Asker: 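If you scroll down you'll find the structure; I have some questions about it.
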Amino acid sequence: MTNIKTSWNLVNTYAGLPDFFYSKLNLSKVRSPQLVALNENLAQDLGLNTDELKSREGVEILSGNALPQGSIPIALAYAGHQFGYFTMLGDGRAMLLGEQVTPGGIYDIQLKGSGITPYSRGGDGRAALGPMLREYIVSEAMHNLRIPTTRSLAVVTTGEYVIRDKILKGAVLTRTASSHIRVGTFEYAAYFGTRENVRQLADYTIERHFRDLAREADKYLHFLKEVVKRQASLIAKWQLTGFVHGVMNTDNMAISGETIDYGPCAFMDAYNPDIVYSSIDTYGRYAYKNQPKIGLWNLSRFAETLLPLINENRDKAVQLAQDAVNEFNPLYHKNLMSGMRSKLGIFNEEAADEELIGELLNIMQKNNEDYTNIFLKLTFGDPIAAEAGEFKEWHKKWQARLQRQAQTKEEVFELMKNSNPAVIPRNHRVEEALRAADEEGDYSVMNNLINVLSKPFAHTPDQKEYEDLPPPSFCNYKTFCGT
Ligand code: AMP
Ligand code: MG
């Protein structure tokens with residue numbers, strides 16, 4: 001390959017782990033890459049020059065046809081519990097180029113859809129345009145909703161086709177993440193490696209994400225507690241925003257506490273705790289209401305992998321780990337309540353707040369009300385929320401509750417505006433954008449959507465039309481993963 005002088009500033013710390021943890025890759029080239037989406041803000045944050053990324057050499061890199069300076073391309077090994085069943089997985093269609101060094105830390109630069117790896121298990125290593133654009137739109141929306149997430153730097157089409165149930169355009173997504181270490185990476189080390197491998201991975205992860213713990217006496221137990229804390233925060237944020245991840249397998253839970261894997265995810269419209277979007281989630285394991293429970297289940301799998309590091313005495317280790325994991329529920333609940341109070345403009349705490357919140361959710365569910373829009377109506381004093389049916393009594397209680405705090409009306413309004421998004425990536429809007437891009441090569445719908453989603457708490461007039469609900473034909477919306 002040509003040696004391109006670039007703003008890439010890569011290190012390869014993961015490749016410094018024993019090769020048990022990854023496989024080195026060769027490039028598998030695509031026919032005619034074309035850049036169709038570039039996240040200029042993210043590029044800037046990463047210290048990457050956007051002109052360079054748009055250049056022919058830049059696009060060759062973003063498609064996996066050429067390597068940026070300093071790259072050692074690897075596929076990461078991991079395992080995972082998928083729908084409760086343990087299996088070997090690994091990057092079957094992804095390639096870690098390296099970690100970009102920025103003033104704020106190092107970020108994985110990973111290509112997704114870049115070709116076959118030793119972990120492809122019969123798959124083609126490729127990705128289709130629709131799902132890669134979907135990840136691009138939704139992960140950026142999540143970031144702007146202030147929910148920790150992997151991010152999307154670019155999407156290129158490959159000029160090749162991938163065969164699924166239909167023939168689809170091929171594409172490569174460049175994903176960035178504070179790391180791609182998953183619960184499943186620890187499971188891989190624990191099931192297929194040695195105690196020493198688990199220790200190597202834990203030490204690497206602590207160094208990368210929890211540096212303050214490195215000198216603690218019980219650092220592995222503290223590490224577990226920190227991971228529990230981050231998930232309790234993340235999943236509360238999902239619930240508060242109506243986000244349904246859809247495939248919370250342990251390989252899709254990042255140790256960093258970022259949302260990862262945008263396969264079958266969706267945002268709910270009408271409030272319905274039982275909602276499931278994924279076409280393969282027959283029993284609703286990953287329904288909206290189950291997300292905290294599954295978070296806890298996954299953390300238990302994670303804790304098991306750390307037992308030999310936590311204490312030499314197995315019983316003692318189990319007890320300590322169990323206590324750490326048991327912190328999830330109270331932490332989650334605290335985060336959820338605190339977020340809900342903010343959504344309702346409540347600054348102080350009262351014991352009865354939980355009841356007030358629960359009543360609102362019940363009324364929403366019974367009346368099939370839109371989750372996002374109800375909070376907007378409450379924020380902006382829309383009379384529909386105040387006067388209609390069951391809302392009336394509740395609204396009185398809520399108003400009385402707001403009287404029992406020192407803050408002014410203006411302060412309440414500001415808190416609510418800042419806690420209730422004007423827009424979320426509603427499924428019908430995302431589908432509409434994908435259809436225009438994929439079928440007609442028209443990226444304007446997608447770009448408008450991305451633009452409007454970039455400041456969800458701005459409450460600007462151009463966001464108003466994105467509050468509209470999907471047509472009734474969309475009520476049975478299903479998502480598909482592994483695409
Ligand atoms: P996911 O559903 O994206 O979490 O993927 C689950 C596993 O399947 C991971 O090990 C992926 O790398 C792998 N995988 C998904 N799609 C493909 C593909 N087209 N080719 C090879 N492996 C794949
Ligand atoms: Mg995955």
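The structure presented is a predicted model; accordingly, all values stated were derived computationally and were not measured.
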Asker: Evaluate the side-chain hydrogen bond (donor to acceptor under 3.5 Å, both in side chains) criterion for residues Tyr286 and Asn249: first the C-alpha distance (whole Å), next the side-chain angles of each, then the deciding distance (0.1 Å), finally the verdict.
Answerer: CA-CA 9 Å; Tyr286 300 136; Asn249 296 330; 2.5 Å; yes
Asker: Not counting sequence neighbours, which residues clear side chain to side chain contact (heavy atoms under 4.5 Å, CB included) with Ala321? List them please.
Answerer: Leu224, Ala303, Leu307, Ile310
Asker: Could you walk me through whether Thr149 and Tyr262 pass side-chain hydrogen bond (donor to acceptor under 3.5 Å, both in side chains), step by step?
Answerer: CA-CA 10 Å; Thr149 178; Tyr262 286 90; 2.5 Å; yes
Asker: Over 60° means perpendicular and under 30° means parallel, so tell me whether Phe474 and His428 are parallel, tilted or perpendicular.
Answerer: perpendicular
Asker: Taking atom NZ of Lys417 and atom CG of Leu415, what is their separation to the nearest 0.5 Å?
Answerer: 11.5 Å
Asker: For Trp394 and Phe391, take the angle between the two ring planes, folded into 0 to 90°, and tell me which bin it lands in: parallel under 30, tilted 30 to 60, perpendicular over 60.
Answerer: perpendicular
Asker: Over all heavy atoms of both residues, which pair between Ala141 and Leu453 is shortest? Give the atoms and the distance, please.
Answerer: CB-CD1, 4.0 Å
Asker: Take Thr176 and Gln100, measure what side-chain hydrogen bond (donor to acceptor under 3.5 Å, both in side chains) needs, and give me the verdict at the end.
Answerer: CA-CA 9 Å; Thr176 72; Gln100 175 79 357; over 6 Å; no
Asker: For Lys334 and Glu349: C-alpha separation, side-chain torsions, deciding distance, then whether salt bridge (charged side-chain N to carboxylate O under 4.0 Å, His left out) applies.
Answerer: CA-CA 11 Å; Lys334 194 162 169 273; Glu349 286 182 26; over 6 Å; no
Asker: With a 6.0 Å cut-off on the ring centroids, do Phe223 and Phe186 count as close?
Answerer: yes
Asker: Suppose the criterion is ring-ring contact (aromatic ring centres under 6.0 Å, His included): which pairs have a residue in residues 224-257, not counting sequence neighbours?
Answerer: Trp238-Phe243, Trp238-His245, Phe243-Phe267
Asker: Taking the inter-plane angle between the rings of Phe375 and Tyr371 on a 0 to 90° scale, is it parallel (under 30°), tilted (30 to 60°) or perpendicular (over 60°)?
Answerer: perpendicular
Asker: Would the Phe380 and His459 ring centres measure less than 6.0 Å apart?
Answerer: yes
Asker: Enumerate the salt bridge (Lys or Arg N to Asp or Glu O under 4.0 Å) contacts for residues 265-286, please, sequence neighbours excluded, ordered by first and then second residue.
Answerer: Asp269-Arg426, Asp274-Lys289
Asker: Is it the case that Thr150 and Ser139 place a side-chain donor and acceptor less than 3.5 Å from each other?
Answerer: no
Asker: In terms of ring plane angle, is the pair Phe328 and Tyr332 parallel, tilted or perpendicular, where the classes change at 30° and 60°?
Answerer: parallel
Asker: If I take atom NZ from residue Lys219 and atom CG from residue Asp212, how far apart are they, to the nearest 0.5 angstrom?
Answerer: 13.0 Å
Asker: Strictly by modelled atom types, are Asn326 and Gln322 linked by a side-chain donor-acceptor pair under 3.5 Å?
Answerer: no
Asker: For a side chain to side chain contact (heavy atoms under 4.5 Å, CB included) with Asn298, tell me which candidate from Lys293, Gln231, Met253 qualifies.
Answerer: Met253
Asker: Can you label the angle between the Phe86 ring and the Tyr191 ring as parallel, tilted or perpendicular, going by 30° and 60°?
Answerer: parallel
Asker: For Arg301 and His81, which I'm curious about, is there any donor-acceptor pair between the side chains at under 3.5 Å?
Answerer: no
Asker: Is Asp108 salt-bridged to Arg208, going by a charged N under 4.0 Å from an acidic O?
Answerer: yes
